[in-house]
Amino acid sequence: MGWISNILAGLAGSALGQGLFGSWGPSLGGMAVVPSVLGAVIVVAIVSFIVMKVRA
């Protein structure tokens with residue numbers, strides 16, 4: 001994946017993580033950091049895995 005698609009997947013994952021895991025932990029820019037990072041990592045990993053399988 002390119003860097004633009006990684007950024008978009010990370011932003012979507014951040015919003016999803018905030019919605020799923022709540023707003024616990026430190027907050028930065030109006031979003032909880034820990035759930036946002038968890039969601040972003042999970043979504044980027046899933047999207048990267050799917051893109052890798054499709055290209056193979």
Side-chain angles (χ1 to χ4, degrees):
M1 283 185 355
W3 61 274
I4 294 175
S5 58
N6 276 332
I7 289 172
L8 292 175
L11 289 172
S14 176
L16 182 66
Q18 180 98 17
L20 288 177
F21 301 123
S23 60
W24 52 275
S27 185
L28 181 67
M31 294 189 79
V33 175
V34 177
S36 296
V37 170
L38 286 173
V41 168
I42 291 169
V43 170
V44 169
I46 290 171
V47 170
S48 295
F49 179 75
I50 291 170
V51 169
M52 192 182 338
K53 290 293 182 183
V54 168
R55 288 187 181 177

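Position 1 is the first residue of the sequence, and the numbers go up from there.
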Item to complete: List for me each residue that meets side chain to side chain contact (heavy atoms under 4.5 Å, CB included) alongside L20, sequence neighbours excluded, and say none if there are none.
Response: L16

Please set out all donor-acceptor pairs under 3.5 angstrom arising from side-chain atoms of residues 25-45, sequence neighbours excluded.
from	atom 1	to	atom 2	distance (Å)
S27	OG	M31	O	3.4
S36	OG	S14	OG	3.4
S36	OG	Q18	OE1	3.3
S36	OG	A32	O	2.6

Discussion item. Measuring only between side-chain heavy atoms, which start at C-beta, is S48 closer than 4.5 Å to N6?
Written reply: yes

Practice prompt. Kindly write out the residues that satisfy side chain to side chain contact (heavy atoms under 4.5 Å, CB included) with I7, not counting sequence neighbours, or none if the list is empty.
Written response: W3, L11

